[in-house]
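Data block below; observations after.
Only heavy atoms go into these numbers, but all of them, side chains included; no hydrogens, no water, no symmetry mates.
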Amino acid sequence: MTAPVFVVDSLRPQDLPAGEYVLDGPEGRHAVSVKRLRAGEDVVLTDGRGHWAEGTVKAAEGKDRLVVTVPGGVREEPAEQPRITVVQALPKGDRGELAVETMTEVGVDAIVPWAASRCITQWKGERGLKALGKWRATAREAGKQSRRVRFPDVADAASSKQVASLLAAADFAAVLHESGDVPLSDAELPASGDIVLVVGPEGGVSPDELALFAEAGADPYRLGRSVLRTSTAGTAATAVLLARTGRWS
């Protein structure tokens, strides 16, 4: 089992005076009171943006303060190539958080919530901000759980026109749709750059949206014979892309 990961606001050499870091606040409380870490145990500190450091617990103080010795200093994990972004239509209920959680665990680099025309759920006002906050918190927690040090970006909710602009700028753009003649597993993928994949809502991608995305350069591709829920399709597709691009090799 690899060492548990804890997220810090900033992780730079100047944040490690005398080669030590004091983990406090909610993360310190989780380490001391929930994980019950004690002197001599290993941990990993990260800012979630690729900077990380291996450390050893020097002392647990009170209920929310962990003193960590960091002998090796701060390291940086380079961004993976190609970068994989999933445009995820808004699912019903808590299935959006499920989609974010599992896509983060398999290794997606960015998630764009999409207010598709056939989405039953719509993010508006305070409700939308709260839902977006839940997606971002889920990505953070799933990143920690899966021992990542570079967490996926969760963008603001996008309209179909904004999604089309994102697809037009991609090196490979695709829409998961049953009309696709080519399976995603057979697609010609770039070795670097940006891959953008669109996952539609429960009601499917509308003809107008398909036409808009096709004009932006995104062709339809299918995953297989079965039809997956919107909350699981992005995870399955990301796994296919990670295997095909060599990122899982």
* Go through the side-chain N and O atoms of Arg118 and Ser206 and say whether any donor and acceptor fall under 3.5 Å apart. => no
* Asked: Applying the 4.5 Å side-chain criterion to the ILVMFWY set and letting contacts propagate, would Val44 and Leu23 be lumped into a single cluster?
  -> no
* Electrostatic pair Lys58:Glu20 at N-O distance under 4.0 angstrom -> yes
* Hphob cluster co-occupancy, Leu16 + Val67, side-chain heavy atoms under 4.5 angstrom -> no
* Would a hydrophobic clustering, with Ile, Leu, Val, Met, Phe, Trp and Tyr connected at side-chain separations under 4.5 Å, put Leu223 with Leu241? -> yes
* Are more than 12 heavy atoms from other residues, nucleotides or ligands located less than 6.0 Å from atom CD of Gln14? -> yes
* Report yes if the distance between the aromatic ring centroids of Trp123 and Trp114 is under 6.0 Å, otherwise no. => no
* Apply side chain to side chain donor-acceptor pair (under 3.5 Å) to the pair Thr56 and Glu41, showing each step before the final yes or no. => CA-CA 6 Å; Thr56 302; Glu41 295 189 73; over 6 Å; no
* Is the backbone N or O of Ser159 less than 3.5 Å from a side-chain atom of Gln162, with the two atoms forming a donor-acceptor pair by type? -> yes
* Considering only NZ, NE, NH1 and NH2 on the basic side and carboxylate oxygens on the acidic side, decide whether Glu80 and Arg150 come within less than 4.0 Å. => no
* Asked: Taking C-beta and beyond as the side chain, do Gln145 and Val5 meet within less than 4.5 Å on heavy atoms?
  -> no
* Return yes if some donor-acceptor pair links the side-chain N/O of Thr121 with the main-chain N/O of Pro91 below 3.5 Å, else return no. => yes
* To do: List the steps and the verdict of side-chain contact (heavy atoms from CB on, under 4.5 Å) for Glu101 and Leu98.
  => CA-CA 5 Å; Glu101 179 181 44; Leu98 172 64; 4.1 Å; yes
* **pair Val198-Val163: side-chain heavy atoms closer than 4.5 Å** => yes
* Structure fact -> Taking every heavy atom of Ala158 against every heavy atom of Val112, the minimum-distance pair comes out as CB-CG1, 3.7 Å
* From Leu66 CG over to Tyr21 OH, what is the distance, rounded to the nearest 0.5 angstrom? -> 11.5 Å
* **Leu197 CG to Gln88 CD distance, which is reported to the nearest 0.5 Å** => 9.5 Å
* Asked: Under a 4.0 Å N-O cut-off, is there an ion pair linking Arg136 with Asp156?
  -> yes
* Asked: Is there a chain of hydrophobic side chains (I, L, V, M, F, W, Y, each step under 4.5 Å between heavy atoms) that links Val86 to Leu189?
  -> yes
* To do: With the side chain counted from C-beta on, respond yes when Val7 and Asp47 share a heavy-atom pair under 4.5 Å apart, and no when they do not.
  => no
* To do: Show your working on salt bridge (Lys or Arg N to Asp or Glu O under 4.0 Å) between Asp171 and Arg83 and close with a plain yes or no.
  => CA-CA 10 Å; Asp171 296 280; Arg83 176 180 168 86; over 6 Å; no
* **Sub-4.5 Å side-chain heavy-atom contact between Leu37 and Val32** => no
* Asked: For residues Arg12 and Ser10, is any side-chain donor paired with an opposing acceptor at under 3.5 Å?
  -> yes
* For Leu228 against Ala233, the heavy-atom pair lying closest together -> CD1-CA, 3.9 Å
* Asked: Between the side chains of Glu209 and Ser117, does any donor sit under 3.5 Å from an acceptor?
  -> yes
* Asked: Which pair of non-hydrogen atoms, one from Cys119 and one from Pro201, has the smallest distance, and what is that distance?
  -> SG-CB, 3.7 Å
* To do: Applying salt bridge (Lys or Arg N to Asp or Glu O under 4.0 Å), run through Glu141 and Lys144 and close with a yes or a no.
  => CA-CA 5 Å; Glu141 292 306 310; Lys144 290 169 55 180; 3.7 Å; yes
* To do: Would you confirm whether the ring centroid of Tyr221 sits within less than 6.0 angstrom of the ring centroid of Phe172?
  => yes
* Structure fact -> Shortest non-hydrogen pair, Trp248 vs Ala239, comes out as CH2-CB, 3.7 Å
* Structure fact -> In this structure, CD of Glu54 is separated from OG1 of Thr2 (nearest 0.5 Å) by 10.0 Å
* Structure fact -> Those residues at least two apart in sequence (or on a different chain) that pass salt bridge (Lys or Arg N to Asp or Glu O under 4.0 Å) with Arg140 are none
* To do: Run the numbers on Val87 and Val196 for side-chain contact (heavy atoms from CB on, under 4.5 Å), then give the verdict.
  => CA-CA 7 Å; Val87 176; Val196 180; 3.9 Å; yes
* Can you find a pair of side-chain heavy atoms, one from Arg229 and one from Glu202, that are under 4.5 Å apart? -> no
* Does Asp194 have any salt bridge (Lys or Arg N to Asp or Glu O under 4.0 Å) partners at least two apart in sequence or in another chain, and if so, which? -> none
* Verify side-chain contact (heavy atoms from CB on, under 4.5 Å) between Val68 and Val43, making sure each step is shown before the conclusion. => CA-CA 8 Å; Val68 180; Val43 297; 3.7 Å; yes
* Structure fact -> Between the NE2 atom in His51 and the CG atom in Asp15, the distance rounded to the nearest 0.5 Å is 10.5 Å
* Closest approach of Val149 to Thr46 (non-hydrogen atoms, all atoms of both residues) -> O-OG1, 3.1 Å
* Residue Gln122 excluded, over 12 heavy atoms near CD under 6.0 Å -> yes
* For Arg247 and Ile84, run side-chain contact (heavy atoms from CB on, under 4.5 Å): C-alpha distance rounded to whole Å, both residues' side-chain angles, the deciding distance at 0.1 Å, then the answer. => CA-CA 11 Å; Arg247 284 181 49 175; Ile84 298 173; 3.9 Å; yes
* Under 3.5 Å donor-acceptor, Arg36 side chain and Ala31 backbone -> no
* Structure fact -> NZ (Lys92) and OG (Ser231) are apart, to the nearest 0.5 Å, by 10.0 Å
* Indicate yes or no: at least one non-hydrogen side-chain atom of Thr238 is less than 4.5 angstrom from one of Thr235. => no
* Structure fact -> So the side chain to side chain donor-acceptor pair (under 3.5 Å) pairs with at least one residue in residues 178-188 (sequence neighbours excluded) are His177-Ser179
* Step through the shown structure and confirm whether more than 12 heavy atoms of other residues, nucleotides or ligands are within 6.0 Å of CZ on Arg38. => yes
* Non-hydrogen side-chain atoms of Met103 and Asp109 separated by less than 4.5 Å -> no
* Asked: To the nearest 0.5 Å, how far apart are CD in Glu27 and CZ in Arg29?
  -> 10.5 Å
* **Side-chain touch Thr104/Phe151, heavy atoms, less than 4.5 angstrom** => no
* To do: Please check if Val57 and Leu45 belong to a single hydrophobic cluster, counting links between Ile, Leu, Val, Met, Phe, Trp and Tyr side chain heavy atoms closer than 4.5 Å.
  => yes
* Structure fact -> Closest heavy-atom pair, Ala218 versus Val175, reported as atoms and distance to 0.1 Å, is CB-CG2, 4.0 Å
